[in-house]
Amino acid sequence: MINLVKKENLNLGILETDFDIFADIVNTFSSESIKKDCLLDIDDYIIPAYFKNKITIVIQTNGMLVGYATFEFKNSNNSSNVEINKLYVLDEFKNKNMEPLLVEAVIYVAGEVGSRNVVVTVDEHDQAILDAYKSLGFYEVGINEDGSLLSVSVISAVSARRLNDKFRDIEKDSVDYKSLKLVKKIATGRSGNIYLTQDGRILKMFTSTSFTYIKDREETLRYLKNIDIEEIVKPKHLVYYDGVFVGYIMEYLPEGEALWNKSSNYSFEQKIEKIKAIEDVMKKLHEKHIYICDLNPDNIFFNNEGKVRLIDCDAFVIKKNVVNNEVDKKYQDPIYKIVSEKTDLYAFAITSLQLLIEEKIDNNATFNDIEKIYNKNKNKLPVSFKSYYDNIFKTKERYYLSEAYEKYLENMYSAEDESASNNAKSGKISVIILSAIIVFVAILGYIVFKFSR
């Protein structure tokens with residue numbers, strides 16, 4: 001969930017892919033058939049059709065659902081309007097100002113994306129909800145078969161209720177985009193462009209028009225800005241244009257090169273050193289419940305001293321239940337769909353494999369395609385590495401390479417110990433049998449000698 005207001009035990013935010021909250025909302029539906037279909041989708045980590053093309057704003061307290069509002073954008077006469085589809089508050093929280101808070105959040109989002117009006121149809125007999133809307137500046141503009149049609153001007157409502165002050169949380173060290181002068185574009189990426197400014201700073205500007213994507217990146221980068229991990233290129237300042245988040249100033253990248261640039265010149269030992277360095281920083285992030293999500297050779301940088309730096313930190317994930325579908329297909333774990341330590345370990349395995357076999361795999365390669373490439377090149381790898389990749393391709397297990405190597409050694413030594421134990425047992429049995437034969441022969445000889453006299 002993307003936080004809009006988080007105060008004491010109350011949390012109001014925009015729902016994205018948190019399937020637990022989706023399930024809580026679906027369980028409030030009156031139609032059992034719709035409820036069943038939605039829950040089946042949620043079990044498969046699919047956002048139900050009911051929620052697609054809509055934005056859902058949720059209020060929780062201590063993790064419990066309080067209420068929600070769903071709305072969507074409608075274009076009319078070359079202008080954007082927002083239509084509220086449903087406003088729902090649990091009975092025990094009704095008439096406690098939860099309904100106005102949800103509607104205010106809808107108006108705020110409408111203002112951030114430049115919508116002109118917010119409209120809603122309300123049951124004309126529900127006086128309490130009618131009064132709640134009218135207290136926020138809504139007025140009746142018509143009537144239809146579902147009830148009274150109400151509307152409010154977004155600009156006037158945002159200004160009158162000071163919604164920007166209420167929902168925006170801009171840090172003091174943020175940068176105003178208007179104060180920056182761009183000199184040249186340095187790079188173009190999937191999520192945005194990187195520029196050099198006149199005062200020598202590096203600016204990343206997002207190109208996405210998705211309000212939820214931009215708000216999520218703002219929240220993530222604000223968190224990453226303050227973590228103590230030197231191996232990632234962190235944001236230094238968030239950048240705003242008229243109060244709207246648009247990008248960030250990043251730390252300088254030291255002199256060096258991306259992992260893939262000179263990988264063909266590395267010795268096998270150098271490759272192992274680099275793989276271990278990547279694994280170490282990945283462990284640091286996982287300990288803080290930060291997931292790299294888009295781990296690939298282009299985002300892994302080594303400075304001239306050989307120290308690793310991970311770039312493109314705005315792809316990192318700090319939330320639960322985020323579906324891993326924003327990265328190249330070859331790095332998407334075919335088993336685990338939700339971003340986690342496991343999906344990072346799969347991408348790490350594919351990244352390491354490309355480095356070890358010196359072959360850049362096509363971005364759209366499927367799991368089966370990658371397995372074929374591995375089988376073709378596996379003889380280039382030591383036995384311990386084969387064991388690691390066999391686990392990746394043939395099981396659901398996901399390990400750090402160092403852990404897999406330790407497991408390999410444990411299995412190898414336990415097999416040797418078992419073999420030695422079996423040999424020892426076999427030796428003891430042989431001694432016992434030989435001793436028995438000797439005793440038997442001695443007794444037989446004694447009997448023959450006795451009766452021969």
Side-chain angles (χ1 to χ4, degrees), residues 190 257-283 291-302 306 308 310-312 315 323-416:
R190 183 189 300 128
E257 60 198 10
L259 175 65
W260 194 254
N261 284 4
K262 293 185 179 179
S263 59
S264 59
N265 297 332
Y266 302 147
S267 67
F268 184 79
E269 290 73 19
Q270 287 175 313
K271 290 177 181 178
I272 298 304
E273 287 178 5
K274 292 186 182 298
I275 288 171
K276 186 177 184 308
I278 298 165
E279 182 180 277
D280 288 344
V281 66
M282 186 165 61
K283 283 181 178 178
Y291 307 112
I292 302 167
C293 188
D294 194 13
L295 179 67
N296 68 74
D298 295 328
N299 289 340
I300 302 168
F301 188 90
F302 282 87
V308 65
L310 297 187
I311 62 177
D312 205 17
V323 179
N324 191 31
N325 58 9
E326 294 295 322
V327 301
D328 291 329
K329 189 172 185 177
K330 66 179 174 183
Y331 298 113
Q332 292 179 21
D333 193 311
I335 297 172
Y336 301 102
K337 308 299 183 186
I338 300 297
V339 174
S340 68
E341 183 176 302
K342 291 179 178 178
T343 57
D344 272 359
L345 289 173
Y346 179 81
F348 167 73
I350 304 307
T351 295
S352 302
L353 177 63
Q354 293 176 104
L355 183 64
L356 290 167
I357 67 175
E358 296 180 10
E359 181 176 338
K360 197 166 188 178
I361 299 171
D362 185 86
N363 288 340
N364 293 315
T366 65
F367 178 74
N368 290 334
D369 293 334
I370 298 170
E371 187 175 15
K372 288 176 183 176
I373 293 170
Y374 161 68
N375 287 329
K376 180 182 174 183
N377 292 276
K378 65 191 301 183
N379 291 333
K380 298 178 183 178
L381 305 176
V383 176
S384 59
F385 283 78
K386 291 178 188 176
S387 173
Y388 170 65
Y389 283 107
D390 284 343
N391 265 333
I392 293 291
F393 290 115
K394 300 186 187 307
T395 75
K396 294 182 179 180
E397 296 176 336
R398 300 287 182 259
Y399 295 116
Y400 293 103
L401 184 55
S402 57
E403 289 179 357
Y405 184 67
E406 289 171 7
K407 288 179 182 291
Y408 165 76
L409 291 179
E410 286 175 10
N411 292 337
M412 184 177 70
Y413 285 126
S414 63
E416 288 178 358

### Task
Indicate the atoms forming the closest heavy-atom contact of Val327 with Cys293, along with that distance.
CG1-O, 3.4 Å
### Message
When you compare the side chains of Lys329 and Asn364, does any donor N or O come within less than 3.5 Å of an acceptor on the partner?
### Response
no
### Message
With a sphere of 6.0 Å drawn around NZ of Lys386, does it hold more than 12 non-hydrogen atoms of other residues, nucleotides or ligands?
### Response
yes
### Query
Should we count NZ of Lys378 as having more than 12 external heavy atoms under 6.0 Å?
yes
### Task
Quick one: do Lys271 and Glu358 satisfy salt bridge (charged side-chain N to carboxylate O under 4.0 Å, His left out)? Show the steps, please.
CA-CA 10 Å; Lys271 290 177 181 178; Glu358 296 180 10; 2.7 Å; yes
### Query
Are Tyr331 and Tyr346 an aromatic pair by the rule of ring centers under 6.0 Å?
no
### Message
Are the side chains of Ile338 and Asn324 in contact, using a 4.5 Å heavy-atom criterion?
### Response
no
### Message
Quick one about Gln332 and Lys337 (side-chain donor to acceptor, distance below 3.5 Å, no hydrogens or angles considered), yes or no?
### Response
no
### Task
Supply the atom-to-atom distance Phe301 CZ to Glu257 CD, rounded to the nearest 0.5 angstrom.
7.5 Å
### Query
Quick one: are the ring centres of Tyr400 and Phe348 less than 6.0 Å apart?
no
### Task
With the side chain counted from C-beta on, respond yes when Pro297 and Leu355 share a heavy-atom pair under 4.5 Å apart, and no when they do not.
no
### Donor-acceptor side-chain pairing of Lys372 and Asn375 below 3.5 angstrom
no
### Query
Are the side chains of Lys283 and Glu279 in touch, meaning some heavy atoms are under 4.5 Å apart?
yes
### Query
Any donor-acceptor pair under 3.5 Å linking the side chain of Asp328 with the backbone of Lys330?
no
#### Entry: Atom pair CG (Leu295) and CG (Leu310), whose distance is rounded to the nearest 0.5 Å
7.0 Å
### Message
Taking the side chain as everything from C-beta on, heavy atoms only, tell me whether Ile300 gets closer than 4.5 Å to Ile311.
### Response
no
## Note on the structure
In this structure, CD1 of Ile392 is separated from OH of Tyr399 (nearest 0.5 Å) by 10.0 Å
### Message
Under 3.5 Å, is there a donor on one side chain and an acceptor on the other for Asp294 and Asn296?
### Response
yes
### Query
Is a side-chain N or O of Gln354 found less than 3.5 angstrom from the main chain of Ile361, in a donor-acceptor match?
yes
### Query
Nearest 0.5 Å, what's the NZ-OG distance between Lys342 and Ser340?
6.5 Å
### Task
Please name all residues satisfying salt bridge (Lys or Arg N to Asp or Glu O under 4.0 Å) with Asp344, sequence neighbours left out, ordered by chain then number.
none
### Task
Take the angle between the ring planes of Phe385 and Phe268 and call it parallel below 30°, perpendicular above 60°, tilted in between.
perpendicular
### Task
Would you name the heavy atoms of Lys274 and Tyr266 that are closest together and state the gap between them?
CE-CZ, 3.3 Å
### Sub-4.5 Å side-chain heavy-atom contact between Leu259 and Thr351
yes
### Query
Applying the side-chain hydrogen bond (donor to acceptor under 3.5 Å, both in side chains) test to Thr366, which of Asn368, Asp369, Asp362 qualifies?
Asp369
### Task
Indicate yes or no: at least one non-hydrogen side-chain atom of Tyr389 is less than 4.5 angstrom from one of Leu356.
yes
### Query
In Å, rounded to the nearest 0.5 Å, how long is the span from CD1 of Ile373 to CD1 of Ile350?
9.5 Å
### Contact check, side chains of Arg398 and Asn391, non-hydrogen atoms, under 4.5 Å
no
### Query
Is the closest side-chain heavy-atom distance between Leu353 and Glu359 below 4.5 Å?
no
### Query
Do Tyr388 side-chain atoms and Glu403 backbone N/O form a donor-acceptor pair below 3.5 Å?
no
